[in-house]
Student: 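Submitted below is the structure of interest, expressed as structure tokens.
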Amino acid sequence: MQHARDVSVTTDPTTPNREEAAKVRILPGPQARDRTAPAWLMPLSVLFTLASEGCAAAIAILPIFFHSLVAVGGETLLAPLLLFLAVVPLVGILVFDFGYARAFGGFRQARTRAAAIVRAALAVVVALALSAMHPILAAPFTLAALMGLLLSWGANRLVAREPGWDTLPQEAVSVLAGRDATGWRLATTTPGRSTIADSAGRVTALFALASGFATASWLTATGVMNGAAVASAGLLCYWAARAFSGFFDQLFAPSDEQATSAISVAELPLAQDQGDSDGLTIARLSAFDRDGRAVLSDVNLDIAPGQIVGLTGGNFAGKSLLLRAIAAPFDLTDLDVRGAVTIGGQSPWQRSGRDRQVPAVLIPPSPLWLPGTAADNLCCFGDDLDLQQAMQALKQLVYTTDTVDRVSAGTAVAMLSTSEQKALSLARGFYLRPRVYLMDRPEDGATPALTAALARRIQQECRMGAIFLIASDNREIMDLCDQVVVMQGGRIIDVGTAEDIRTQKDIGWRRLRAARSLESEEALDSWLRSQFRRDGDDGNRRNVCVIASELLAFSCQDLAPGETGGKVTFEFKHFESYCMVRMLDSGQPVSSGYLEKMQSQAEQGDGVQRLAPLAAVMRDALSVEARRERQDSTKEDDGEAAHRVIEVKIATYDPRKPRSQGDQAG
């Protein structure tokens, strides 16, 4: 079997230096227009919107005839006739808007955006036409546009958005018991627009109405305009202001995608030796929440074609988060994502929602499906040839014809069993034939037969050069892996073969591999603290972390400032009344004379000088041993022929047992 070429573990939260910062790119997220705005939508939208708004303009012009013919001319019989004429454009608005919606069904967001742009353009045309009659008539439109700009920006950017529903305690039971899906949807959906956005638009329109009346009235008083046009001028200003507000809302209001997307996605530059990789390269990949806490810390992986790498670790280790960050960082709600991911030298982060050829496929634990038949979901709504290819992939995973027949018969996805939905999800991934498969707990919902068929198909795909990164606890799947990556707290803490990782766990040893750098202290401290899970273990955590920190300092003391010296490995195991901590690095061997010197310094105490790191370890530990070990040639590691090993025995206590006065004082 092949092995991963390089799996490095660091803890620096990917803060680039000044030269790298200039190369960092903030990637724009996929917008609604990327997947719902075909090229022909805008020209047809112009036609429909012009027709609808032309009817609205006719309504705005009718007051001229009401004033001149009925109010001034006394032609009272014309009043009902003009009213009837007003009904015609009103019906026209309904017909055109209904036809617009039916003609562009499924493109609601793009339709709304296009209509807002066209209305704003028409408002500008109307403003220019009226200003040609007299320049001062442009004032109400200009003021309305400026007010709409300021209020829309403030309402959507400065005012917090109101949640769709505030869950009360007496209502929470129904939602969480699965009896109120509507309540759950309202409580978990944040509207894209601010609560004050509608008020801002209404205020802008009413201001435009008042200023339009005022301007037209003044022009009438000075003999420039006929009094019959006063009402029409005010209504046109009102309509234009609503158009401006709608346009600015589309400009400033976050879309539904933005409300549930990552805060930002920053692509960091790759090192020179990483840019030419033909496999999957993950460099310095991190994710931070809004408070700046790292939920994914500086993940580095380099996986060659044809390899299978497993992800393992406890709950909340970051396995699923890592897979999602590789495939779709923009979908990590409220997280700040930094790093670089390439597949064959190309970034999968720069994508379009309309891509049918994808470099990577993420298969989550719960199958994804869209409204439609099982066959549509299997072949991604492709044609008959696509369906035949997808059905072939499904047949290789299921050996009963029932599932295949039900899928080919057009059964709805919801009518399939859990295992059938899982088979459909896996088969769809193989049908798409990406270069990288990202599988999150593929055994969930799968029968033993399906899991066995999946294992065989994974091996087949690997022979053709596919890459698999699989988060799983299934023994059969993990035994396929060339390498297993152990994660904890969003960090990679260990890398090895499945047998090696399993053996370490069975004999009680835990292992952390990190960069040989002082910046690894945070990862080391977090890893050691997780080894003491009992109430009352605070003293144990503190003592072991202090000693391990001194060991790391000793490992790094022969490095130049800013230099990293490969990897350092820490191993930990509990025993009764004590624990063992081993540090393995590539440093120079420790002589017996140096050990005696450190022991003498530890016995003398601190004095006025700070103890050397190894002396501090000897002072606080029960025993310290140093030796040189030859590396097992059958295991692939850091390329070192031998390791320096420092083994430390540290006293611990059982918090469940009473402690003596002396122990408590210590």
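Keep in mind that this is a model prediction, so the values were computed, not measured. All values below come from the heavy atoms of this structure, side chains included, with hydrogens, waters and symmetry mates left out.
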Student: Is it the case that atom CD in Q460 sees more than 12 heavy atoms from other parts of the structure closer than 6.0 Å?
Tutor: yes

Student: Ion pair present between D537 and R541, side-chain N to carboxylate O less than 4.0 angstrom?
Tutor: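 Looking at D537 and R541, the cut-off is not met.
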
Student: For R475, check salt bridge (Lys or Arg N to Asp or Glu O under 4.0 Å) against everything at least two apart and list the hits.
Tutor: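 Only D479 meet the salt bridge (Lys or Arg N to Asp or Glu O under 4.0 Å) criterion with R475.
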
Student: Which pair of heavy atoms, one from A626 and one from L595, lies closest together, and at what distance?
Tutor: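 Shortest heavy-atom separation between A626 and L595 comes out as CB-CD1, 4.1 Å.
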
Student: Between R338 and F288, is NZ or CZ placed under 6.0 angstrom from the six-membered ring centre and within 45° of the ring axis?
Tutor: yes

Student: H574 vs F532 aromatic rings, parallel, tilted or perpendicular, using cut-offs 30° and 60°?
Tutor: perpendicular

Student: I'd like to know if E629 and R644 make a salt bridge, using a cut-off of under 4.0 Å between side-chain N and carboxylate O.
Tutor: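 A salt bridge is absent here (no side-chain N lies under 4.0 Å from a carboxylate O).
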
Student: Quick test of your reading: applying side-chain hydrogen bond (donor to acceptor under 3.5 Å, both in side chains), list the pairs with at least one residue in residues 440-449, sequence neighbours left out, ordered by first then second residue.
Tutor: S320-D440, R441-D444, R441-D473, E443-S472

Student: How about R534: does its CZ atom have over 12 heavy atoms from other parts shown lying under 6.0 Å from it?
Tutor: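 Check passes, neighbour count above 12.
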
Student: If you compare all heavy atoms of Q483 against all heavy atoms of V495, which two are closest, and at what distance to 0.1 Å?
Tutor: OE1-CG1, 3.1 Å

Student: Which residues pass the salt bridge (Lys or Arg N to Asp or Glu O under 4.0 Å) test with D620, not counting sequence neighbours?
Tutor: none

Student: Report yes if the side chains of R516 and S555 come closer than 4.5 Å at any heavy-atom pair, otherwise no.
Tutor: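 Yes - at least one pair of side-chain heavy atoms lies under 4.5 Å apart.
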
Student: Please say whether the positively charged group of R428, taken as NZ for Lys or CZ for Arg, lies over the ring of W369, i.e. under 6.0 angstrom from the six-membered ring centre and within 45 degrees of the axis.
Tutor: no

Student: Keeping to residues at least two apart or across chains, list the ring-ring contact (aromatic ring centres under 6.0 Å, His included) pairs with something in residues 578-604.
Tutor: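 For residues 578-604: F575-Y578.
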
Student: Is a salt bridge present between R511 and D500, judged by a nitrogen-to-oxygen distance below 4.0 Å?
Tutor: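 Salt bridge flag = yes for D500 with R511.
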
Student: Give every residue pair that meets the salt bridge (charged side-chain N to carboxylate O under 4.0 Å, His left out) criterion with at least one member in residues 303-325, sequence neighbours excluded.
Tutor: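 Sorted result for residues 303-325: empty, none.
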
Student: Looking only at heavy atoms, which two atoms of Y437 and A466 are closest? And how far apart?
Tutor: CE1-CB, 3.8 Å

Student: So, are R502 and D506 salt-bridged, with charged N and O less than 4.0 Å apart?
Tutor: no

Student: Tell me if the CD atom of Q346 is crowded by more than 12 foreign heavy atoms within 6.0 Å.
Tutor: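 No, because the 6.0 Å sphere around CD of Q346 holds 12 heavy atoms or fewer from other groups.
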
Student: Name all residues meeting the salt bridge (Lys or Arg N to Asp or Glu O under 4.0 Å) criterion together with E476; count only those two or more places apart in sequence or in a different chain, and write none if there are none.
Tutor: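 E476 satisfies salt bridge (Lys or Arg N to Asp or Glu O under 4.0 Å) with no other residue.
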
Student: Between E461 and R456 (salt bridge meaning N to carboxylate O under 4.0 Å), is one present in this structure?
Tutor: no

